[in-house]
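Presented below is the structure to which this report refers.
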Amino acid sequence: MKPVRTRFAPSPTGYLHVGGIRTALFAWLVARQAGGEFVLRFEDTDKKREVEGSREHLIKSLHTLGLKHDEGPDIGGQFGPYVQSERLASYHKWAQMLIDAGKAYADPYTPEQVQQFREEAQKAKKPFLYRNHRPTDPPKWDGTMPLRFKSEPKDYQWHDAVMGDMHAGAEAIDDFILIKSDGYPTYNFAHIIDDREMQISHIIRGQEFIASQPNYLNLYEALEFEVPILATVPHILGPDGKKKLSKRDGAKDVLDYFREGYLQEAMLNFIASLGWNDGTEQEIFIAQELIEKFSLDRVQRAGAKFDESRLLWMNGTWIRGLNLGELYERSKDFWPESSRQASDDYKKQVLSLIQERLKYFAEIPQLTDFFFTDLPVDMQLIDGNKQLKKFEHAELKGLLEQAKASLEASDFSAADLAERLNVLLEQTGQKPGVLFSLIRIASTQAPSSPGLAETLAVLGQETSLRRIDATLQAL
RNA sequence: GGCCCCUUCGUCUAGUGGUCCAGGACGUCAGGUUCUCAUCCUGAAGAUCGCGGGUUCGACUCCCGCAGGGGUCACCA
């Protein structure tokens, strides 16, 4: 049994979205499960499409999700370099071997001529096959023309760890380009050489490569390479459920989710369970469980739609599961401006009150602002309240005066406050819906808040009474 | 158009011939938890298993056809 070595091989052409990161996650899980290596490789053979800074961005995305690679451009490894543009000598060496064996030849046509062949095929409603135009006496390859693979078309059957048994006819095989006229290899050629030289055991990649697989098999044969285990992962579809999730259609950068305060664990859990399950009814998985339970053959063959509401739920579940100290550490960048002067201890008290209503950290400001600053008295909160609007302001004022008197005598522990609120209920003969709403609105000026007694306890006596006074004056 | 892949509640899915007039989760709706929001709990609606044939005593599960969706047919990956 060969050691398991998986790879994630993005081209540095931008950021990583949820669909891309899932392929990386699966590769990482397979490696970790087997105690193998997870390799990062940059496929930068298209210099025109390269985006400045995307290499760092890609690495950061991977690491933020906890997908640490064992070998890669930034950390090296014994099979480097891990950047295709630095491996040109290798591609040319193998290309020369193919030429010598009569299995590769120079493409004498201009791009315009090839394009014309393509259009003719299209017009005839036939698939375009370059090999139908294969030159009988190609010139010697001097590096200024593309180098093409001289294919040997035939039927193929192969096994895919996700898709199962696959097959394709000889018509799927063509003379594809190995080396472009700029001297760089195509993906089709380079990845095969790299995977061989880096001793990659599993190729886990997106569905867009399925149609090329017969070509690759043909090339493996010509090169006399062993074919790695193949696993084709279906695309994640956008919310419209049609097209694959793509940057062009506004798919979010995974780092954007972290900027909004999604937890790494939730994201990992969500992405893994999009199109994969362990056969039980378990929904929440920690990374270690994913490593233990993941298997390629339980990955769905159909593409799954990206459902953000499920991610939101999952993130809330993970937030609720964190202990307070951990939650506080993670949420530090998300507190509102108004909290700047507040102590860590105070903020932790606030956090414990909102923990169960928090779905992602970017909500913290709107959930907590009133804990840090006196909001202006908004009579609409009272006049628009379905319980309170039935009362005259004078009546409400009387109720609030009674409440104030009781609160003035409280030690402001949550227990004492709860007790006093109960007594007030009896004394005034009012329903909680009336009395509590009134006090809550007066002391927070927020449309919603955590439980009344706890909120008052955290706000403290001085602040609570000051706000109640402000409301009394407005009534 | 050729080739290839896919098709179970709105969404993610369980399901490998009878235990499925289809189970779970998200979402939605209703009720409960002394106020709001959220959590939590309970309940409800929601899939004639894409359609049509067959095989079988019996099919979501096997076979054939069809339709729909997707991928691909680049000197992009």
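We name chains A, B, ... by the order of the sequence lines, and we start the count at 1 in each one. The structure presented is a predicted model; accordingly, all values stated were derived computationally and were not measured.
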Generate the contact string for nucleotides 72-77 of chain B. Rules: B means base contact, S means sugar-phosphate contact only, - means no protein heavy atom under 4.0 Å. SBSBBB
Ring-face cation contact, A/Phe209 with A/Arg205, 6.0 Å cut, 45° max: yes
Taking atom C1' in both B/G71 and B/U13, compute the distance separating them and give it to the nearest angstrom. 23 Å
Would you mind classifying the nucleic acid contact of A/Arg205 as base, sugar-phosphate or nothing, using non-hydrogen atoms under 4.0 angstrom? nothing
Ranking B/G1, B/U11, B/U13 by distance to the side chain of A/Lys125, first place goes to B/G1
Find the distance A/Glu356:CD to B/U33:P and express it as a whole number of Å. 16 Å
Can you check the distance between B/G52 and B/A14, where both ends of the measurement are the P atom (answer in whole Å)? 24 Å
Taken in chain and number order and not counting sequence neighbours, the residues that satisfy side-chain hydrogen bond (donor to acceptor under 3.5 Å, both in side chains) with A/Asp44 are A/Lys47, A/Arg55, A/Ser85
Taken to the nearest whole Å, CG/A/Leu351 to P/B/A38 is 19 Å
Run the ring-centre check on A/Tyr360 versus A/Trp318 and record whether the distance is less than 6.0 Å. no
A/Lys293/A/Gln282 under side chain to side chain donor-acceptor pair (under 3.5 Å): CA gap, chis, key distance, verdict: CA-CA 11 Å; A/Lys293 296 178 175 178; A/Gln282 183 170 352; 3.1 Å; yes
Locate the shortest heavy-atom distance separating A/Glu197 from A/Ser90; write the atom from each residue and the value. OE1-OG, 2.6 Å
Without decimals, in angstroms, what is the distance between A/Leu237 CG and B/C6 P? 15 Å
State which residues pass side-chain hydrogen bond (donor to acceptor under 3.5 Å, both in side chains) with A/Gln402; sequence neighbours excluded, sorted by chain then number. none
Sort me out a list of protein N/O and nucleotides 60-64 of chain B N/O pairs below 3.5 Å, or just none if empty.
none

In terms of heavy-atom contacts, does CD of A/Glu208 have more than 12 from other residues, nucleotides or ligands at under 6.0 Å? yes
Strictly by Watson-Crick or wobble contacts shorter than 3.5 Å, is anything paired with B/G1, and which nucleotide is it? B/C73
So which of residues 154-169 of chain A are in contact with RNA chain B, with a heavy-atom cut-off of under 4.0 Å? A/Met163, A/Met166, A/His167
Take the protein atom CG of A/Leu353 and the nucleotide atom C1' of B/U39, then report the distance between them rounded to whole Å. 13 Å
Please determine, for B/U56, whether a Watson-Crick or G-U wobble partner exists with both distances under 3.5 Å, and give it or none. none
Paired with B/G46 by Watson-Crick or G-U wobble geometry, both distances under 3.5 Å: which nucleotide is it? none
Report which part of the nucleic acid A/Gln300 touches: base, sugar-phosphate, or nothing (heavy-atom distance under 4.0 Å, all strands). sugar-phosphate
Could you tabulate the donor-acceptor pairs under 3.5 Å formed by side-chain atoms of residues 166-179 of chain A, not counting sequence neighbours?
from: A/Asp174; atom 1: OD1; to: A/Tyr130; atom 2: N; distance (Å): 3.1
from: A/Asp174; atom 1: OD1; to: A/Arg131; atom 2: N; distance (Å): 2.8
from: A/Asp174; atom 1: OD2; to: A/Tyr130; atom 2: N; distance (Å): 2.7
from: A/Asp175; atom 1: OD1; to: A/Arg134; atom 2: NH2; distance (Å): 3.0
from: A/Asp175; atom 1: OD1; to: A/Ser151; atom 2: N; distance (Å): 2.9
from: A/Asp175; atom 1: OD1; to: A/Ser151; atom 2: OG; distance (Å): 2.6
from: A/Asp175; atom 1: OD2; to: A/Tyr105; atom 2: OH; distance (Å): 2.5
from: A/Asp175; atom 1: OD2; to: A/Arg134; atom 2: NE; distance (Å): 2.6
from: A/Asp175; atom 1: OD2; to: A/Arg134; atom 2: NH2; distance (Å): 3.2

Would you mind reading off the distance between A/Asp307 atom CG and B/G27 atom P, rounded to a whole angstrom? 9 Å
Atom pairs under 3.5 Å: protein N/O with N/O of nucleotides 40-46 of chain B:
from: B/C40; atom 1: OP1; to: A/Arg320; atom 2: NH1; distance (Å): 3.3

Looking at B/U7, which nucleotide sits across from it as a Watson-Crick or G-U wobble partner, both distances under 3.5 angstrom, or is there none? B/A67
Taking salt bridge (charged side-chain N to carboxylate O under 4.0 Å, His left out) as the test, write out the residues that go with A/Lys348, two or more places apart. none
Please report the distance separating the P of B/C62 from the corresponding atom of B/C29, rounded so that it comes out in whole Å. 38 Å
So CG of A/Leu417 and CG of A/Leu456: to nearest 0.5 Å the spacing works out to 5.5 Å
From A/Arg320 atom CZ to A/Thr317 atom OG1, the distance as rounded to the nearest 0.5 Å: 4.5 Å
Listed by chain and number, what are the salt bridge (charged side-chain N to carboxylate O under 4.0 Å, His left out) partners of A/Glu112, not counting sequence neighbours? none
Rounded off to whole Å, could you give me the CD1-to-P distance for the A/Ile236 and B/U11 pair? 16 Å
Under 4.0 Å from any atom of RNA chain B, heavy atoms only: list the residues of residues 275-285 of chain A that qualify, in numerical order. A/Gly275, A/Asn277, A/Glu281, A/Glu283
Six-ring centre of A/Tyr82, A/Arg41 cation under 6.0 angstrom, axis tolerance 45°: no
Those residues that, when tested against A/Tyr257, pass ring pair (Phe, Tyr, Trp, His ring centres under 6.0 Å) (two or more places apart): A/Tyr262
Quick one: which protein N/O atoms are closer than 3.5 Å to N/O atoms of nucleotides 34-36 of chain B? Pair and distance per line, please.
from: B/U34; atom 1: N3; to: A/Asn422; atom 2: OD1; distance (Å): 2.5
from: B/U34; atom 1: O4; to: A/Asn422; atom 2: OD1; distance (Å): 2.6
from: B/U34; atom 1: O4; to: A/Asn422; atom 2: ND2; distance (Å): 2.5
from: B/C35; atom 1: O4'; to: A/Pro432; atom 2: O; distance (Å): 3.2
from: B/C35; atom 1: O2'; to: A/Ser437; atom 2: OG; distance (Å): 2.7
from: B/C35; atom 1: O2; to: A/Arg440; atom 2: NE; distance (Å): 2.9
from: B/C35; atom 1: N4; to: A/Leu452; atom 2: N; distance (Å): 2.8
from: B/U36; atom 1: O2'; to: A/Pro447; atom 2: O; distance (Å): 3.2
from: B/U36; atom 1: O2; to: A/Arg440; atom 2: NH1; distance (Å): 3.4
from: B/U36; atom 1: O2; to: A/Ser449; atom 2: N; distance (Å): 2.7
from: B/U36; atom 1: O2; to: A/Ser449; atom 2: O; distance (Å): 3.1
from: B/U36; atom 1: N3; to: A/Ser449; atom 2: O; distance (Å): 2.6

How close do A/Phe370 and A/Ser449 get, heavy atom to heavy atom, and via which atoms? CZ-CB, 3.6 Å
For A/Ser11, which of A/Glu50, A/Gln84, A/Arg49 qualifies under side-chain contact (heavy atoms from CB on, under 4.5 Å)? A/Arg49
Minimum-distance pair of heavy atoms, taken over all atoms of A/Val18 and A/Ile21: O-CG2, 3.2 Å
Under 4.0 angstrom, heavy atoms only, what part of the nucleic acid is A/Ser273 near: base, sugar-phosphate, or nothing? sugar-phosphate
d(NZ, A/Lys359; C1', B/G27) in whole Å: 12 Å
For the student: nearest non-hydrogen atoms of A/Leu353 and A/Arg357, plus distance: O-NE, 3.2 Å
B/A25 C1' sits how many Å from A/Asn269 CG, rounded? 12 Å
